[in-house]
Number of protein chains: 2
Amino acid sequence: MTAADQPPDRSARPVDPAPQAAPADPVAAIAAAWERERPGTPVSSIGIVTPIWRLAKLLGDDRRRVLARAGIDAATLDLLSVLRRQGPPYTLSTRELGQRSLVTAGAVSQRVARAEREGLVTRAPGAGRPRTVQVTLTEAGHALVESTVDQVLTREADLLTGLTDAQQRELTELLRLLLSDVQRRLGDDRITHVGQE
Amino acid sequence: MTAADQPPDRSARPVDPAPQAAPADPVAAIAAAWERERPGTPVSSIGIVTPIWRLAKLLGDDRRRVLARAGIDAATLDLLSVLRRQGPPYTLSTRELGQRSLVTAGAVSQRVARAEREGLVTRAPGAGRPRTVQVTLTEAGHALVESTVDQVLTREADLLTGLTDAQQRELTELLRLLLSDVQRRLGDDRITHVGQE
DNA sequence: TCGAATGCGTTTAGATCTAAACGTAGTCTG
DNA sequence: CAGACTACGTTTAGATCTAAACGCATTCGA
């Protein structure tokens with residue numbers, strides 16, 4: 001389906017050239033389209049939000065394909081990685097896992113159940129606190145992380161080489177600022193864990 | 001693996017070991033943790049990829065909640081918006097819809113079926129090309145876009161106010177560069193376009 | 001002209017996630 | 001000391017997506 005091998009009439013086709021503006025910047029074209037169709041539409045966020053979603057989608061799909069060949073899914077690798085990064089004894093409660101992976105408690109429960117079924121982690125009642133459950137990486141889980149993490153990170157680093165080192169540093173800093181600010185704004189009116197104990 | 005280390009744990013008390021490093025920069029903490037646990041791990045991409053995923057997740061979840069109150073889901077709004085932006089007669093083939101929304105043909109088919117069931121769009125055999133199907137926005141669909149798009153975009157613009165105008169412009173430019181480059185690397189035969197709002 | 005190759009949209013199978021309902025177990029309050 | 005409350009993890013219901021298998025016209029090559 002590559003547009004590459006379409007010798008003849010491809011360019012001669014009177015396909016409606018869609019009033020779309022620049023193929024050079026599809027994101028800007030979205031904002032322009034809104035302005036054209038609905039003058040006054042508050043398009044200021046599009047230049048940032050849309051590329052973020054698109055990049056997340058593209059990178060996520062790519063990672064999924066890479067991991068499929070390694071016999072693991074992104075959600076499970078996320079779980080195992082969080083535990084692996086923690087260092088010995090590679091243990092965290094499901095609550096902590098949820099906070100670190102940004103998914104709901106239900107999702108954590110399901111992820112852990114899947115990983116446990118595959119022998120990648122173990123579950124044990126938390127000794128310390130009340131009703132906590134401690135999740136620990138098994139040998140097999142540890143080995144799986146070791147054999148895939150470099151692969152995934154290297155692949156992603158390759159995908160970013162279109163930016164110079166200076167641009168990457170600049171982008172990192174801006175994203176750091178934005179993420180911390182957005183997290184603060186969304187966090188305030190949501191969770192309200194009152195200090196326990 | 002790119003989860004992130006957490007937003008300030010407000011329920012934490014003066015207890016626990018957790019030698020967690022910087023609550024100031026959770027993303028940098030992830031890279032630091034890999035370095036500590038596995039010296040040599042290729043962490044260079046984490047500063048960019050992780051915040052992108054986290055921001056996409058936070059913004060997506062927030063949008064979903066905003067739209068839930070308006071009685072529509074993000075996927076449907078995406079579909080209707082693409083058609084609305086197109087301008088009269090607000091029509092596109094399912095193929096084009098897929099390219100613009102970055103989802104598979106199967107997903108488009110399902111989205112269109114749902115929207116059609118709700119009377120937001122209509123489906124008609126494509127007059128021009130072979131087996132194409134033209135999807136068109138109905139009065140109700142048009143009205144729904146009009147009543148929700150500003151709400152969503154305004155909300156998102158508010159979430160970005162933590163960055164100055166200059167920073168937003170800088171970020172927009174860097175994201176534009178990165179997105180176009182990543183898109184090119186991942187194969188031009190998949191996308192070309194635009195998609196969210 | 002006829003069968004193979006293409007292109008397109010739909011359907012189906014399987015996976016994952018969120019939200020909400022639960023089931024408990026410690027913890028306040030009066 | 002009893003009942004309400006709070007914190008946690010699990011379960012369930014419902015939604016959406018990808019990947020792959022299809023069903024079918026249209027076009028192409030011999």
Side-chain angles (χ1 to χ4, degrees), chain A residues 1-3 5-10 56-58 60-65 67-69 72-79 92-99 101-118 123-126 128-135 190-197, chain B residues 9-13 56-58 60-65 67-69 72-79 92-99 101-118 123-126 128-135 189-190:
Chain A
M1 77 190 287
T2 35
D5 48 7
Q6 282 285 13
D9 78 332
R10 183 178 178 62
K57 171 84 160 127
L58 292 172
D61 285 355
D62 185 67
R63 171 177 286 197
R64 179 155 34 70
R65 284 189 285 269
L67 292 178
R69 287 197 285 280
I72 182 176
D73 62 278
T76 299
L77 179 60
D78 181 31
L79 168 66
L92 281 174
S93 66
T94 66
R95 186 176 183 334
E96 297 170 314
L97 288 171
Q99 297 179 319
S101 292
L102 209 45
V103 294
T104 62
V108 172
S109 197
Q110 292 170 20
R111 286 181 173 191
V112 172
R114 291 198 298 273
E116 183 180 42
R117 203 179 309 134
E118 296 176 58
R123 240 187 304 204
R129 296 296 119 193
R131 294 211 52 58
T132 65
V133 168
Q134 296 296 319
V135 180
R190 285 193 63 193
I191 309 169
T192 315
H193 296 191
V194 179
Q196 55 169 33
E197 166 152 75
Chain B
D9 185 344
R10 51 177 109 282
S11 65
R13 297 131 296 151
K57 170 83 161 133
L58 292 172
D61 285 354
D62 185 68
R63 172 178 285 199
R64 180 155 32 69
R65 285 189 285 272
L67 292 178
R69 287 198 285 280
I72 183 177
D73 61 278
T76 299
L77 179 59
D78 182 30
L79 167 66
L92 281 175
S93 66
T94 67
R95 188 174 185 327
E96 297 170 314
L97 288 171
Q99 297 179 319
S101 291
L102 208 47
V103 293
T104 62
V108 172
S109 197
Q110 293 170 17
R111 285 181 173 191
V112 172
R114 292 198 296 273
E116 182 180 44
R117 202 179 310 134
E118 296 177 57
R123 240 187 304 205
R129 298 298 117 194
R131 290 207 55 58
T132 66
V133 168
Q134 296 295 321
V135 180
D189 51 42
R190 284 203 54 157

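To find a chain, count down the sequence lines: A is the first, B the second, and so on, and within it residues start at 1. Below, each value reflects all heavy atoms present in this structure, side chains not excepted, and no hydrogens, waters or symmetry copies.
Look at B/Lys57 and you'll find a side-chain N or O under 4.0 angstrom from OP1 or OP2 of C/dT18. Phosphate proximity of D/dA15 to B/Arg111: absent, as no side-chain N or O sits under 4.0 Å from OP1 or OP2. At C/dG9, one or more side-chain N or O atoms of B/Thr94 fall inside 4.0 Å of OP1 or OP2 (strictly under the cut-off). OP1 or OP2 of C/dT16 lies within a sub-4.0 Å distance of a side-chain N or O belonging to A/Arg114. Contact annotation: B/Arg64 does not reach the phosphate of C/dT18 (side-chain N/O to OP1 or OP2, under 4.0 Å).
Minimum atom distance to the side chain of A/Arg123 is reached by D/dT10, of the listed D/dT10, C/dT18, D/dT18. When distances run from any side-chain atom of A/Ala107 to the nucleotides C/dT11, C/dC17, D/dT16, the shortest one goes to C/dC17. Of the listed nucleotides (D/dG9, C/dC17, C/dC8), C/dC17 has the atom at the smallest distance from the side chain of A/Ala75. Distances from the side chain of A/Ser109 to the nucleotides C/dT12, D/dT10, C/dT18 place D/dT10 closest.
The distance between atom CD of B/Glu96 and atom C1' of C/dC8, rounded to the nearest whole Å, is 12 Å. Rounded to an integer number of Å, the gap from CG of B/Leu97 to C1' of D/dT16 is 17 Å. For the pair A/Asp73 CG and D/dC17 C1', the computed distance is 14 Å after rounding to whole Å. Atom CG in A/Asp61 sits about 12 Å away from atom C1' in D/dA19, given to the nearest Å. If you take CZ of A/Arg63 and P of C/dT16, they are 15 Å apart, rounded to a whole angstrom. One atom, CZ of A/Arg117, and another, P of D/dT11, lie 11 Å apart when rounded to the nearest Å. Rounding to whole angstrom units, CG of residue B/Asp62 and C1' of C/dA19 are separated by 16 Å. Between the P atom of D/dG9 and the CG atom of A/Leu92 lies a distance of 11 Å, rounded to the nearest Å.
Across B/Val108 and B/Thr94, no two heavy atoms sit closer than the pair CG1-O, 3.7 Å. Closest non-hydrogen pair, A/Asp78 versus A/Arg111, comes out as OD2-NH1, 2.9 Å. Between B/Arg63 and B/Ala74 the shortest heavy-atom distance is CD-CB, 4.3 Å.
Here B/Val103 lies in heavy-atom contact (under 4.0 Å) with sugar-phosphate atoms only.
Looking only at side-chain heavy atoms (C-beta outward), B/Arg114 and B/Leu79 stay at 4.5 Å or farther from each other. A/Arg64 places a side-chain heavy atom less than 4.5 Å from the side chain of A/Asp61.
Each of B/Ala105 and B/Gln110 was assigned the nucleotide of DNA chain D with the nearest heavy atom; the assignment lying further toward the 5' end belongs to B/Gln110.
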